[in-house]
Amino acid sequence: MKAADAVAASAREEIARTRDEDFSARIEMLIRDAEDSRLSYMKRHRMRGNITLGFGLISMTMGAMGFGWFLLMRMDIISAVLSMLAAIVLPAILHVWHASVIRDYQKNYKTTFLPRLAKALGGFQFHPNRGIGKNIISRTGILPKYHSYSAEDCFMGSYKGVKVLFSEARLMPKRKSAEPIFDGIFVLLEIPTSVIEGHTILTADRRAVKKWASTRWKKLSPLSLSTEGKDWGKFSAFSDNPESAKLLIGDRLLKELSEASEIFDNAPLSAAFFKEKFIFLMIPYSGDMFEASNIHLPVATKQHALQCKREIEQILEIIDVFDLYQPADMAKKKDNDVE
C-alpha cells in the first residue's frame, strides 16, 4: 500500500493546535470577508433577477401577441407555435444566466473561504473534490456493501508526523433514487512507525457485524473489553491478533473514540486498525459541514467553525493516544516479558 494513496504528497505542512482566542480572531476576519463576498454575489443575483424578470415578461408578451396574430389573423398555426417557442427561449436562457450566480457563489466558497478556514484550523490543506482512495477503504473491512463511492471537502495535513486526511463521504446503492447506505465522515491516519499488529476493528454499531458481514469480519475473533468508563462499553472489538489488540485497545483510546462519537451527535462510530500503521474512522453524520450558506442570509459561520475546530481537535486527540499512551504500554509489556 503506497502512502501516496492515503495522503497526497503535498500535505506535509505540520498541523498546529490553535488557541480558541487566536482562532476566533481569524474567524472574525474570515467571516467579514465572506460576508463582503456574499453581498457582492447577492447584488449580482438580484440585478440579474430583475433583468431576467423584465426581459422575460417582454418576451412572453410579444410571443403571446405573435401567437394571437398568426393564429387569428393569418390562420398560420406553425408560425403561431414558432413565435411562442421563440418567446420561451429567451426567458430560459436568462434563467440559466441568473442561476449561474448561485453556482459561482458556492464555487467561490469552496475555492476561497474553505481553504482559508482549513489554514486557520491549524494548517490543513483543503481540496473540494478529493477524498480517501477507494483502494484504501476497501481494505478496512468495515464498509457495508455499496454500488458507488463519492467523497468531497477533503482536509489534509500532518500532525506529530502522522498524516491526517478526512472528508465527507457517501456510499450509494445501485438504485440512484435510494437513500445513501452511508453518509458521513471518513478519517484516515497514517502513523510513521509500525505500531499496529494484525487487523483490528472497533465499532459502536451493534448491527455492524450482521449488517456488514464480510470475509474479513469472519476471520476476526471477538474480544472481551474491560473498561473503566461506563460509556466506553458501547464498543465491540474484533481482531485477527487478539493479544496485540488487547494491548492496542486501552481505556484512553476508548475514551477518545467515545468522545469523538459524542461530538458527532453520538454517531455509532467504527474504527479499523490495519496494515501496521493505518487507522480508519467511519463516522455517520448527516450534517453538511462545509457547504455555503444561503446567498440571501448573512454569513454566520463562527459557531459552525468552532464546531469544526472541536471535531478536528478530537481527531488529533486520537493521534495523541498513539504518541503518548501506546509507546508507554509497549514499554510496559516488554518489561513484563523480560521479567
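- Qualifying ring pair (Phe, Tyr, Trp, His ring centres under 6.0 Å) partners for F67, counting only residues two or more places apart in sequence or in other chains: none.
- Note that the CE atom of M282 and the CD1 atom of I132 stand 11.0 Å from one another [nearest 0.5 Å].
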For the pair D153 and K110, evaluate side-chain contact (heavy atoms from CB on, under 4.5 Å) and give the outcome as yes or no after the intermediate values. CA-CA 8 Å; D153 300 336; K110 292 200 175 187; 2.9 Å; yes
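- Counting heavy atoms from C-beta outward, K277 and V195 have side chains that stay 4.5 Å or more apart.
- For T61, the side-chain hydrogen bond (donor to acceptor under 3.5 Å, both in side chains) test picks out no residue, with sequence neighbours left out.
- Taking CD1 from I78 and CZ from F70, the interatomic distance works out to 12.0 Å, rounded to the nearest 0.5 Å.
- Between the side chain of D240 and the backbone N or O of G198, no donor-acceptor pair lies under 3.5 Å.
- Of the inter-residue distances, the one linking S270 atom OG with L143 atom CG reads 9.5 Å to the nearest 0.5 angstrom.
- In this structure, F55 places its CZ atom where only 12 or fewer heavy-atom neighbours from other residues, nucleotides or ligands lie under 6.0 Å away.
- In the hydrophobic cluster analysis, where Ile, Leu, Val, Met, Phe, Trp and Tyr join through side-chain heavy atoms closer than 4.5 angstrom, L94 is grouped apart from V101.
- Residue M42 holds its CE atom at 8.0 Å from CD of E35, rounded to the nearest 0.5 Å.
- Judged as a side-chain hydrogen bond (donor to acceptor under 3.5 Å, both in side chains), and not counting sequence neighbours, the contacts of T112 are N108.
- Side-chain contact annotation: R48 with S100, donor-acceptor N/O pair under 3.5 Å present.
- Pairing each heavy atom of G131 with each of L165, the nearest pair is C-CD2, 4.1 Å.
- Under the 4.5 Å side-chain criterion, counting only non-hydrogen atoms from C-beta, S236 is not in contact with P222.
- Residues I181 and K145 share a closest heavy-atom pair of CD1-O, 3.1 Å.
- Taking CD1 from I142 and CD1 from I201, the interatomic distance works out to 6.0 Å, rounded to the nearest 0.5 Å.
- Partners of H98 by ring pair (Phe, Tyr, Trp, His ring centres under 6.0 Å), not counting sequence neighbours, listed by chain and number: H45.
- E276 places none of its side-chain heavy atoms less than 4.5 Å from the side chain of E197.
- What you find for E179 and P173 is that their closest heavy atoms are O-CD, 3.5 Å.
- In this structure, M29 places its CE atom where only 12 or fewer heavy-atom neighbours from other residues, nucleotides or ligands lie under 6.0 Å away.
- In this structure, the side chains of F278 and L188 come closer than 4.5 Å at one or more pairs of heavy atoms.
- With sequence neighbours excluded, no residue forms a side-chain hydrogen bond (donor to acceptor under 3.5 Å, both in side chains) with S167.
- Classified by interplanar angle (parallel below 30°, tilted 30° to 60°, perpendicular above 60°), the ring pair F124/F155 is perpendicular.
- For F186, the ring pair (Phe, Tyr, Trp, His ring centres under 6.0 Å) partners two or more places apart in sequence, or in a different chain, are Y149, F182, F280.
- Of all heavy-atom pairs spanning N135 and R139, the tightest one is O-CG, 3.4 Å.
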Do F235 and L257 pass the side-chain contact (heavy atoms from CB on, under 4.5 Å) test, and can you show the C-alpha distance, the side-chain angles, and the key distance before you say yes or no? CA-CA 9 Å; F235 289 100; L257 290 176; 3.7 Å; yes
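- Counting only heavy atoms from C-beta outward, the side chains of T140 and F274 approach each other to under 4.5 Å.
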Checking R170 against E152 for the salt bridge (charged side-chain N to carboxylate O under 4.0 Å, His left out) test, could you report, in this order, the C-alpha distance in whole Å, the side-chain angles of both residues, the deciding distance, and whether it holds? CA-CA 9 Å; R170 289 176 184 83; E152 62 178 351; 3.3 Å; yes
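- Contact record, A87 with P91: O-CD, 2.8 Å, taken as the closest heavy-atom pair.
- Atoms CD1 and OG, from I88 and S59 in turn, are 8.5 Å apart once rounded to the nearest 0.5 Å.
- Among residues two or more places apart in sequence or in another chain, the side chain to side chain contact (heavy atoms under 4.5 Å, CB included) test is passed with V81 by I77, L85.
- Note on L82: it does not cluster hydrophobically with L90, by side-chain heavy-atom contacts below 4.5 Å among ILVMFWY residues.
- The side chain to side chain contact (heavy atoms under 4.5 Å, CB included) check on I58 picks up M62, with sequence neighbours excluded.
- Residues that satisfy the side chain to side chain contact (heavy atoms under 4.5 Å, CB included) test with A237, not counting sequence neighbours, are L202, L223, L225, I249.
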Might you work through the side-chain contact (heavy atoms from CB on, under 4.5 Å) test for V162 and I279, ending with a clear yes or no? CA-CA 10 Å; V162 177; I279 303 170; over 6 Å; no
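- In terms of the ring pair (Phe, Tyr, Trp, His ring centres under 6.0 Å) criterion, residue partners of Y41 (sequence neighbours excluded) are, by chain and number, Y105.
- Between the side chain of T200 and the main chain of S239, no donor-acceptor pair closer than 3.5 Å is present.
- Within the 4.5 Å cutoff, side-chain heavy atoms of M60 are placed close to those of M84.
- Residues that satisfy the side-chain hydrogen bond (donor to acceptor under 3.5 Å, both in side chains) test with E259, not counting sequence neighbours, are K255.
- Residues meeting the salt bridge (charged side-chain N to carboxylate O under 4.0 Å, His left out) test with D33, sequence neighbours left out: R116.
- For the residue pair D76/S79, the side-chain donor-acceptor check at 3.5 Å is satisfied.
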Under the side-chain contact (heavy atoms from CB on, under 4.5 Å) rule, what do I51 and W97 come out as? Steps first, then yes or no, please. CA-CA 10 Å; I51 294 174; W97 178 63; 3.8 Å; yes
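- Here the side chains of D265 and Y285 are in contact, with some heavy-atom distance below 4.5 Å.
- Judged by distance alone, with hydrogens and angles left aside, the side-chain atoms of H127 form no donor-acceptor pair with the main-chain N or O of M156 at under 3.5 Å.
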